[in-house]
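These notes are about the structure you will find just below.
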Amino acid sequence: MKQNLKNVMIAAGLVCTTLTGQAQTSKGHSAQIVSNSLMKQSTLPFNAPDFSKIKGNDYLPAIRMAIDEQREEIKKITDNKQKPTFTNTILAYERSGKNLERISNIFYALVSADKTPEIEKAQGTIVPLMTDFENEIKFNQKFFQRVKYVYDHEYTKLTGEDKKLLEVVYKSFTHAGALLPKEKMARMQEINKELATLQQEFGDMLPKAGNEATVWVNDIKELSGLSEADIAQCKKDAESRGGKAPYCIVITNTTQQPILASLDNRNLRERVYNASIHRTDGTGAYNTFPIIVKIARLRAEKAQLMGYKNYASYSLENTMAKNTDNVYAFLRQMIEAYQPKSEAQTKAIEEYMNRQVNKLTGEQVDKLTSEQVNKSTSGQVNASNSSTIKPINSSISLQPYDRFYYSAKMKKDQYSFSDDDVKPYFNLDSVLVNGIFYAAHRVYGLSFRERKDIPTYNKDMKVFDVLDADGKQLALFYCDYFRRPTKRGGAWMSAFLKQSSDRNQIPLIYNVCNFAKAPEGQPTLLTWDETQTMFHEFGHALHGMLSNCKYNTLSGTAVSRDFVEMPSQFNESFASIPEVFNHYARHYKTNEPMPDALREKMLGSLNFLSAYSLGENLAATCLDMAWHCLSPSDVPTAQEAPEFEKKVLSEIGLLNNQIPPRYSTSYFNHIWGGGYAAGYYSYLWSEVLAVNIADYFAEHGALTRKVGDDFRQKILSRGNTRDLMTIFSDFTGLKAPNTKALLKARGM
């Protein structure tokens with residue numbers, strides 16, 4: 001996601017105030033203020049954005065004026081004749097640019113969640129505009145010398161958040177290149193501009209490629225295996241995408257497509273899988289490799305300018321992991337434990353598949369393409385006996401588009417249930433209110449109250465007051481759960497405004513997901529994976545909501561990537577705690593709780609064939625690290641990029657067509673457009689922290705306020721105000737994360 005000018009975080013925090021200074025002195029600008037709601041103080045509670053008044057053509061002029069305003073604010077700091085101090089330089093900078101942060105955060109929220117043609121057009125101008133202004137600030141030597149003076153003379157004298165703010169501000173300048181000689185500084189600014197443009201191009205191309213990769217289906221018989229609700233969704237998706245055929249299958253952001261677990265038709269499974277893996281590799285209408293190699297080369301050059309061996313080393317400096325050696329040591333531990341499990345599980349699935357195939361009649365086997373059936377010597381298939389009911393002996397090689405299908409059948413055989421059996425118990429509204437909100441109430445004392453008076457950018461969204469145990473308003477929470485063509489894939493959390501006592505601002509937090517919305521009047525039913533996704537994203541939301549920091553720059557999720565995923569992954573643990581589970585997992589028709597036997601089967605199966613999820617994550621992580629450990633001259637060409645991916649995975653022992661990367665290079669938005677460059681390892685790293693914390697909760701009382709309040713006070717409220725390993729240790733009592741706990745939690 002787009003980072004604001006002063007902070008590195010999952011979501012830039014912004015504050016809404018009336019534009020002042022230069023923006024109010026021009027008659028032309030005054031006229032714009034009257035007609036442009038973004039340029040005026042919000043009249044809604046807590047400075048919430050008034051989406052009922054904001055128009056697509058408001059953003060560019062508002063951002064231009066807000067840039068002018070902050071430019072004047074910084075000029076006042078640099079023109080100050082007094083000796084630089086924390087107050088007149090660092091604090092003045094912290095309090096500048098409020099309107100630019102506010103407006104740009106609203107804009108970038110829509111870039112990700114509702115990119116209309118109007119928003120996309122505005123983005124083409126706004127991105128380079130914002131990049132130029134960021135360069136202008138970070139390479140303003142007169143301004144930086146004041147920051148450096150304060151750092152050199154006051155850092156050891158300051159305490160608490162003041163000291164941390166000074167450290168973060170100073171390092172944000174030096175990490176950007178403020179200490180570089182003039183010629184290198186000029187090149188760094190050029191690189192920043194080029195990267196911003198390329199990342200925008202990648203971000204624009206990805207959803208278009210996903211829409212183009214949609215798999216169209218003419219005959220409902222091809223959808224055999226899908227539930228009535230899923231078939232209705234395929235019909236609805238086809239209608240919303242132009243109706244090229246009566247039905248369609250929408251490609252989600254990951255390599256493997258969840259729908260493959262249900263589709264009986266092997267040819268259609270193959271089409272869906274191929275549409276997924278080839279969406280952006282040049283075999284279709286879109287090819288992201290030319291953009292990717294340019295980004296990789298520029299990042300490598302940027303790192304070299306800064307004196308680092310590669311971009312990964314440059315990027316990891318301010319993380320918990322610290323360096324590439326620590327990341328690779330961590331990954332090799334995982335890979336060593338994973339490999340024998342993955343081989344055994346793949347063999348088991350293939351053997352199961354062939355047992356199932358050999359139960360089929362000749363006519364059923366005939367539906368498999370001849371290329372996919374290798375006749376064995378013990379049983380030949382020919383046209384003359386294709387209609388017989390006698391089982392045959394054949395051997396079929398397991399393909400990646402088969403794995404989810406036969407894994408699901410294996411699980412159903414072993415545990416006597418399927419995903420369709422449990423979906424009626426995961427009504428989205430119940431998951432939210434009776435699950436997520438209920439757990440937050442039990443653990444942190446929070447209450448939630450829906451309100452209808454806060455406008456949203458889409459009619460399907462909901463807004464809630466977040467109230468503390470004493471009734472005090474803590475936050476506003478926005479939910480945007482349903483997919484649409486204007487929304488990018490995936491799920492995320494962000495903020496329109498962040499918490500800051502210095503700004504007297506409560507946080508305005510939102511969660512975004514991509515669930516298929518049920519037809520009008522019907523409940524939206526989720527899979528278990530989607531249910532966990534809701535709990536996950538709400539963990540991020542809690543990190544923002546429960547922030548209790550003085551400064552905007554340090555508050556909420558303003559922590560390193562390998563820590564920021566911890567609260568979200570930890571919050572997933574509440575989804576399966578029996579008391580919480582039984583409170584929300586109720587049949588959408590009868591409101592009866594899920595039967596104990598079914599619940600135990602489902603929860604008992606969570607680590608069934610668990611190597612897959614670990615393997616796909618490890619593969620994606622290693623691709624990310626490999627691309628960002630290259631020197632500029634070592635970056636492959638666009639034509640060489642696919643082979644580079646294979647080579648990387650082969651060398652580290654993860655080249656496995658059965659378990660492909662969760663995101664292949666060409667559609668890996670996290671690293672090419674989403675801020676996780678050399679940081680995708682953080683999902684696994686943070687999962688270790690999350691498991692350690694979940695173990696602590698389980699030992700001391702998972703739903704007790706005492707433990708919840710302790711976690712809230714020591715971690716969730718702290719933002720980036722203290723060393724992250726210190727606050728982890730302060731809560732858990734562990735001197736270092738226990739990686740073995742992750743393997744145990746994953747059943748490995």
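Counting begins at 1 with the first residue of the sequence. If you're wondering where the values come from, they're calculated on a predicted model, not measured in any experiment.
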State, yes or no, whether a side-chain contact exists between D710 and H700 at a heavy-atom distance under 4.5 Å. no
Smallest separation among heavy atoms of I671 and Y676, with atom names: CG2-O, 3.5 Å
Quick check against the 3.5 Å criterion: does H540 have a side-chain atom that pairs as donor or acceptor with the backbone of S568? no
Take Q473 and D465, measure what side chain to side chain donor-acceptor pair (under 3.5 Å) needs, and give me the verdict at the end. CA-CA 7 Å; Q473 182 99 23; D465 285 326; 2.9 Å; yes
Let me see the working for S96 and Q70 under side chain to side chain donor-acceptor pair (under 3.5 Å), right down to the final yes or no. CA-CA 6 Å; S96 72; Q70 189 176 16; 3.1 Å; yes
Checking the side chain of S717 only, and the main-chain atoms of L546 only, is there a donor and an acceptor separated by less than 3.5 Å? no
Sequence-distant partners of Y457, ring pair (Phe, Tyr, Trp, His ring centres under 6.0 Å), two or more places apart: F51
Going through the distances and angles, do H175 and Y314 end up as a ring-ring contact (aromatic ring centres under 6.0 Å, His included)? CA-CA 8 Å; H175 199 65; Y314 168 73; 4.0 Å; yes
What's the verdict on side-chain contact (heavy atoms from CB on, under 4.5 Å) for I693 and F697, showing C-alpha distance, side-chain angles and the deciding distance? CA-CA 6 Å; I693 287 170; F697 265 76; 3.9 Å; yes
In Å, rounded to the nearest 0.5 Å, how long is the span from CD of Q41 to CZ of R102? 7.5 Å
Can a donor-acceptor pair be found, under 3.5 Å and without considering hydrogens, that links the side chain of N514 to the backbone of R488? yes
State, yes or no, whether a side-chain contact exists between E154 and D162 at a heavy-atom distance under 4.5 Å. no
Can you name the nearest heavy-atom pair linking N607 to G747, along with the distance? ND2-N, 3.5 Å
On a heavy-atom basis, which atom in P737 and which in N692 lie closest, and how many Å separate them? CA-OD1, 3.4 Å
Quick check: do L100 and E69 have side-chain heavy atoms less than 4.5 Å from each other? no
Trace of the salt bridge (Lys or Arg N to Asp or Glu O under 4.0 Å) decision for K744 with D695: CA-CA 11 Å; K744 181 180 178 182; D695 287 346; over 6 Å; no
Fit a plane to each ring of F668 and H670, take the angle between them on a 0 to 90° scale, and name the class: parallel (under 30°), tilted (30 to 60°) or perpendicular (over 60°). perpendicular
Is a side-chain N or O of S613 found less than 3.5 angstrom from the main chain of S610, in a donor-acceptor match? yes
side-chain contact (heavy atoms from CB on, under 4.5 Å) for Y510 and L508? Distances and angles first, verdict last. CA-CA 7 Å; Y510 59 87; L508 312 183; over 6 Å; no
Ion pair check, D468 and R712, cut-off under 4.0 Å: yes
Mind checking the CG-OG1 spacing from D562 to T319? Nearest 0.5 Å is all I need. 4.5 Å
Would you please test T174 and K148 for side-chain contact (heavy atoms from CB on, under 4.5 Å) and show each step? CA-CA 9 Å; T174 58; K148 187 175 185 303; over 6 Å; no
Step by step, would you call E565 with S682 a side chain to side chain donor-acceptor pair (under 3.5 Å)? CA-CA 7 Å; E565 294 296 334; S682 62; 5.7 Å; no
Side-chain donor or acceptor of Q499 paired with backbone N/O of C549 under 3.5 Å: yes
So, is the end of the K163 side chain (NZ or CZ) under 6.0 Å from the ring centre of Y155 and within 45° of the ring's axis? yes
Report the C-alpha separation of E167 and K164 in whole Å, then their side-chain angles, then the decisive distance to 0.1 Å, and conclude whether the salt bridge (Lys or Arg N to Asp or Glu O under 4.0 Å) test is met. CA-CA 5 Å; E167 176 189 333; K164 187 66 174 181; 3.8 Å; yes
Got a donor-acceptor contact below 3.5 angstrom from the S315 side chain to the A312 backbone? no
Counting N and O atoms only, with roles assigned by atom type, does the side chain of S500 sit under 3.5 Å from a partner on the main chain of Y551, one being a donor and the other an acceptor? no
Any chance you could measure Y683, atom OH, to Q569, atom CD, to the nearest 0.5 Å? 8.0 Å
Output for pair (K171 NZ, L166 CG), nearest 0.5 Å, gives 10.5 Å
Would W528 and S576 satisfy side-chain contact (heavy atoms from CB on, under 4.5 Å), going step by step from the backbone distance to the final call? CA-CA 10 Å; W528 172 248; S576 55; 4.2 Å; yes
Look at the side chain of R146 and the backbone N and O of N80, then say whether any donor-acceptor pair between them is shorter than 3.5 Å. yes
Using a 4.5 Å cut-off on heavy atoms from C-beta on, say whether the side chain of N192 contacts that of K302. yes
Are side-chain heavy atoms of Y481 and L428 found at a separation under 4.5 Å? yes
Short N-O contact, D453 and R451, less than 4.0 angstrom: yes
Is there a donor-acceptor pair under 3.5 Å between the side chain of N511 and the backbone N or O of M493? no
Heavy-atom closest pair, residues F538 and A440: CE2-CB, 4.0 Å
Y696 and F731: ring-ring contact (aromatic ring centres under 6.0 Å, His included), yes or no, with the steps? CA-CA 9 Å; Y696 182 93; F731 177 75; 4.6 Å; yes
Using a 3.5 Å distance criterion without hydrogens, assess whether the side chain of R722 forms a donor-acceptor pair with backbone atoms of K714. no
F139 versus F144: any side-chain heavy-atom pair under 4.5 Å? no
Looking at side-chain heavy atoms only, is the closest gap between N88 and I77 below 4.5 Å? no
If you round to the nearest 0.5 Å, how far is CE of M545 from CG of L474? 9.0 Å
Audit row: N617, Y680, side chain to side chain donor-acceptor pair (under 3.5 Å) steps and yes/no: CA-CA 9 Å; N617 197 317; Y680 195 71; 4.5 Å; no
Shortest non-hydrogen contact from V147 toward Y170: CG1-CA, 4.0 Å
Which heavy atom of G719 sits nearest a heavy atom of V559, and at what distance? O-CG1, 3.4 Å
Is there a ring-ring contact (aromatic ring centres under 6.0 Å, His included) between Y311 and Y308 once you walk through the steps? CA-CA 7 Å; Y311 188 83; Y308 293 85; 9.5 Å; no
Checking K462 against D429 for the salt bridge (Lys or Arg N to Asp or Glu O under 4.0 Å) test, could you report, in this order, the C-alpha distance in whole Å, the side-chain angles of both residues, the deciding distance, and whether it holds? CA-CA 11 Å; K462 292 183 178 180; D429 291 333; 3.6 Å; yes
With no hydrogens and no angle check, do the side chains of N310 and S313 hold a donor and an acceptor under 3.5 Å apart? yes
Got I436 and F574 here, is their nearest side-chain heavy-atom distance under 4.5 Å? no
CG of L614 to CZ of R662: how many Å apart, nearest 0.5 Å? 12.0 Å
